[in-house]
Each structure stands twice: as C-alpha cells, then as structure tokens.
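The structure appears right after this line, and notes come after that.
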2 protein chains.
Amino acid sequence: MTESISRRPGRPLGGQLVVDREHVLDAAERVIRREGANASLEAVAVEAGVTKPIVYDRVGGRADLADALAERLADRIVLATRTAIAGETLSQTGLTRFIEANLLTVADHRELFLYVTGGSTEQTALGRLSLAGMSTQPLAKTLAVWRSGIQQDPGVAEAWAFGIVGMLQMVSQWWITQEGLSAAEVAGQISELLWNGLPGRS
Amino acid sequence: MTESISRRPGRPLGGQLVVDREHVLDAAERVIRREGANASLEAVAVEAGVTKPIVYDRVGGRADLADALAERLADRIVLATRTAIAGETLSQTGLTRFIEANLLTVADHRELFLYVTGGSTEQTALGRLSLAGMSTQPLAKTLAVWRSGIQQDPGVAEAWAFGIVGMLQMVSQWWITQEGLSAAEVAGQISELLWNGLPGRS
DNA sequence: TGCAAAAAGTTACCAGCAGTAAGTAATGGG
DNA sequence: CCCATTACTTACTGCTGGTAACTTTTTGCA
C-alpha cells in the first residue's frame, strides 16, 4: 500500500513536504504490524518511501517514535473505552465493558502494543510511562467524574490512574498470550477485583 | 569490588570454573547500578573480569540475562513484602505495608528495576512478563490464602495476580520519578483502591 | 534574466552492541 | 611423552541507531 513517491531530491512544487509526520507514523504502524515489535527505523523509512534522515526529521529518534505511536494507541484505547461506557452511570457491568473494550483494542493492535510497551530504550526507560502517561490523564478525569471523592484530590486520582493503567496493561499483555480465554471472562474477573476490592463485598 | 581474576586461558587447577553464573549476575547488577539500564553485555563481562563469550556461556544472551535478573529482583520483592505482612491476617493496613514494602524495594534497586522491566528485546517482548511471571506465582498463592473465594478457582487468582503485579509495577515506576511523595502516602492510596474498590465502601 | 540562498532529500558514513567462529594455552589421562 | 579435553580469548560479522556532508530543485530578488 505504499503510494509511489518521487524519491528525487530537491525542493518540490509549492514547498510542500512530500511526506508528513502522519505518513511516516502510518508507515511505522504497517511495518510493526507486519514485522513485529523488532521493526527497525530503516524498515520504517523504506515503507514510508523515504530515507532514514527524513524519519528523524519528522518524528525524531526511536524513543520519539515509540512515544508518538503510544499516543496514537492510547487515543484509540481511550476512544474505545469511552464509547463502551458512553452515557452510562458508574456500575460494575459498565466497568466490565470498559475493561473488555481495552482488551479487545489491544488485541487489535497486538504488535503495536508490544512495540510501545517494550519499545523505549535506555535513559528513556522512564518512557515506559509513555503509554501510561498518555492514557492516564483521560482516565484520571473519568475517575474523578465517576467517583466524587477523588475530585478534591487530583493527587489520588493520578496514583489510581497509573495503578489502573498498569493493571490493564499487564493483564492485556498476559491475556494476548493465553489461548481459549475470552476477553469478557478476563474483564469480568478484573472488574470484580477493581469494583469490590480484594476482600470482596460481604 | 571485582576480585582480580586470572584472565589467562587454559584449564585452571582442578577443572573448576573461575567464574560461575552467580558471579556474572552479581557483576551485571553492579554495572547496571553504576551505568544505568543501558548497560552493555561487554561492560558486564569487563566487570566480571572475563570476556563476552563467558557471559554467553554462563547466562545466555541479553534476554536471558534480563530474565535471570528479573528472577533475583522478584525474589527480593517477594521476600520484602512477605516479611512486611508476616504472620498477619488480611487487613487494609497490612495491605498498605505490603505495597509500601514493594515500593521501597523497587527504590532500593531503581536501575535494576528499570533494566528488568524495560530490558526485554524483540520477540521476547512478551518477556515483559518476566518480572510479572516470577512474582506472580507467590502472589497468587498469597491471594488464595488471604481470600478464600479464590482458592477454588486458580484461574481467577492468576488474572488477579497479574493485574496487581502490573498495578504495583506501574505505580512503582511512576513513583520513583516523583519528588516529595512518600512511599507510605502512595501505598495508602493504592491500598485504599485495592481494598475498598473503585466505588469505595458506603 | 541571472544568480545566490534556502529548502528538501539522498548518499555515505560512524559508533556501539549483540552474538559467534575459530584459535590458543593449560591440564590430565593413556 | 603426547594427545584430547577443557576453559578461555581474540577477532570477527551483521545490524541498527544516528549524523555529517553533499546534491538537486525552487524561490526571491537585483
């Protein structure tokens, strides 16, 4: 699906960029989907129909690429989960749907998910928070709306948001390697934990 | 603290290995503590007083090294958390101490934690589960003992264990980058969530 | 119209690192 | 005394992230 592009150097007509940032990111997603999480920047450049320095100019280095893709994936997850609970009031079944939507979205972008969660390197290892950081803010807001008590203390909401994102991330990672375990099933279990707490309702 | 070692080739007296697996792993931990999560195998070899092929012979490649170190770290976390709740019956304050112990142990091994959680490469990106997998089994057991309902369904215990480990992992990663936020404080917040559930006790 | 400056890309490279093949020195058995 | 084995090193390959320097086209302006 790579549209054939004039690869010759020189300033094109109208001073328009031949490939923009989004085009490169699209190419990166295709490569990752095809080749897995170990996709190289070189391969991304080829898929985008350009050379490596262009990739660096448009999106930066490997860490930046991971960040950008994390943001995209986070957006999709947020969209899917928001849609799953649209207009509903907080309930356990709603939470289950929320979690199930998360799982299914991750499964839809399996390789991308693995790239993003495992993709940060070295110094930016703190960048593991990339996916978390991106999806954490919307989640924190959602939490604050859902549970009134948090509204006064955004610090708590942040800790909870990171915690929940971490939980969903790890469960997702574990689940996509499992055979014969439905998303609904797992979502129900995690929902039960997150809703009723560790000791359960008596 | 590298003990000076005969670097010369040849079969040493008694056919004893000059450096064993544990020695290499110790060296790896020192290097990671000193140089951060981007430590190379070459550096590990130098620190251990040997050459690269020895490292490969003793522990395998980079992924295997990450796995081995993950197991060590997981053991320490399990030990610390178990100790923190030793002999206690399940309670929210006990859970808080459990989480705090987890946070403090991670902080004690900051760089190692980042190496292990971010260290897996490519195919083994599923190896992100390394740390999780190691600490998950003991945690699942602990959960089963704590909460009787789970005992009959080990599948639930597994999902919960992965979820909780993921939550703790992400919270740890977030917390060690924060300034002026005590472990006890964060532990209390997460404990509250994990104990009373998202909607809270009414 | 002619020409310099800027824009947009490419080529060609470097450095570092994971991983391995082949060679070499010391030991012990026959 | 010699040869096979053991234990280790040297020296390499291949790949990948990242960058410096060059080339081509267009635009602005005198």
Side-chain angles (χ1 to χ4, degrees), chain A residues 2 4-21 23-24 27-28 31-32 35-69 115 118-125 127, chain B residues 2 4-21 23-24 27-28 31-32 35-69 115 118-125 127:
Chain A
T2 312
S4 84
I5 285 177
S6 73
R7 309 265 247 95
R8 56 178 219 282
R11 184 179 195 171
L13 292 84
Q16 302 277 14
L17 292 175
V18 176
V19 297
D20 59 357
R21 183 184 167 89
H23 181 93
V24 174
V31 171
I32 290 167
E35 301 185 9
N38 52 341
S40 72
L41 290 186
E42 181 71 46
V44 170
V46 169
E47 173 73 25
V50 292
T51 52
K52 243 191 310 178
I54 300 298
V55 176
Y56 280 82
D57 180 64
R58 298 297 189 277
V59 307
R62 192 183 169 81
D64 301 283
L65 176 60
D67 279 356
L69 294 178
Y115 183 91
S120 63
T121 33
E122 296 112 42
Q123 299 298 53
T124 331
Chain B
T2 314
S4 85
I5 284 177
S6 74
R7 310 264 249 94
R8 55 177 220 280
R11 184 180 196 171
L13 292 84
Q16 301 278 13
L17 292 174
V18 177
V19 297
D20 59 357
R21 184 183 166 89
H23 181 94
V24 173
V31 171
I32 289 167
E35 300 185 9
N38 52 342
S40 72
L41 290 188
E42 180 71 47
V44 170
V46 169
E47 173 73 24
V50 293
T51 52
K52 244 192 306 179
I54 301 297
V55 176
Y56 279 83
D57 179 63
R58 299 297 189 276
V59 307
R62 192 183 170 81
D64 301 282
L65 176 61
D67 279 355
L69 293 179
Y115 183 91
S120 64
T121 33
E122 295 112 42
Q123 300 297 56
T124 331

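All chains are named by letter (A, B, ...) in the order of the sequence lines, taking the proteins before the strands, and each is independently numbered beginning at 1.
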message: Quick check for you: to the nearest 0.5 Å, what is the distance between A/Glu47 atom CD and A/Glu42 atom CD?
response: 12.5 Å
task: Report the distance from atom CG of B/Asp57 to atom P of C/dT20, rounded to the nearest whole Å.
output: 12 Å
- request: Please examine the side chains of B/Val59 and B/Asp64, heavy atoms only from C-beta on, and report whether any two atoms are closer than 4.5 Å.
  value: no
task: Heavy atoms under 4.0 Å is the rule here; annotate nucleotides 14-19 of chain D 5' to 3' with B where the base is hit, S where only the sugar-phosphate is, and - elsewhere.
output: --SBBB
field: Side-chain heavy atoms of A/Asp20 within contact of A/His23, under 4.5 Å
entry: yes
task: Starting from the C-alpha separation in whole Å, work towards a yes-or-no answer on side-chain contact (heavy atoms from CB on, under 4.5 Å) for B/Thr51 and B/Ile54.
output: CA-CA 6 Å; B/Thr51 52; B/Ile54 301 297; 3.9 Å; yes
message: Could you check whether any side-chain heavy atom of B/Tyr115 comes within less than 4.5 Å of a side-chain heavy atom of B/Leu65, counting everything from C-beta outward?
response: yes
task: Extract the stems that DNA chain C is part of, considering only consecutive pairing runs of at least three Watson-Crick or G-U wobble pairs, both distances under 3.5 Å.
output: C:1-30 with D:1-30
field: Out of C/dG9, D/dT9, D/dC8, whichever nucleotide has its closest atom nearest the side chain of A/Arg58
entry: C/dG9
message: If I compare all heavy atoms of A/Ala37 with all of A/Arg62, which pair ends up nearest, and what's the gap?
response: O-NH2, 4.1 Å
- prompt: If only atom types and distance count, is the side chain of B/Arg58 paired as donor or acceptor with the main-chain N or O of B/Val24 below 3.5 Å?
  reply: no
message: With heavy-atom distances below 4.5 Å as the criterion, would you say the side chains of A/Ile32 and A/Leu69 are in contact?
response: yes
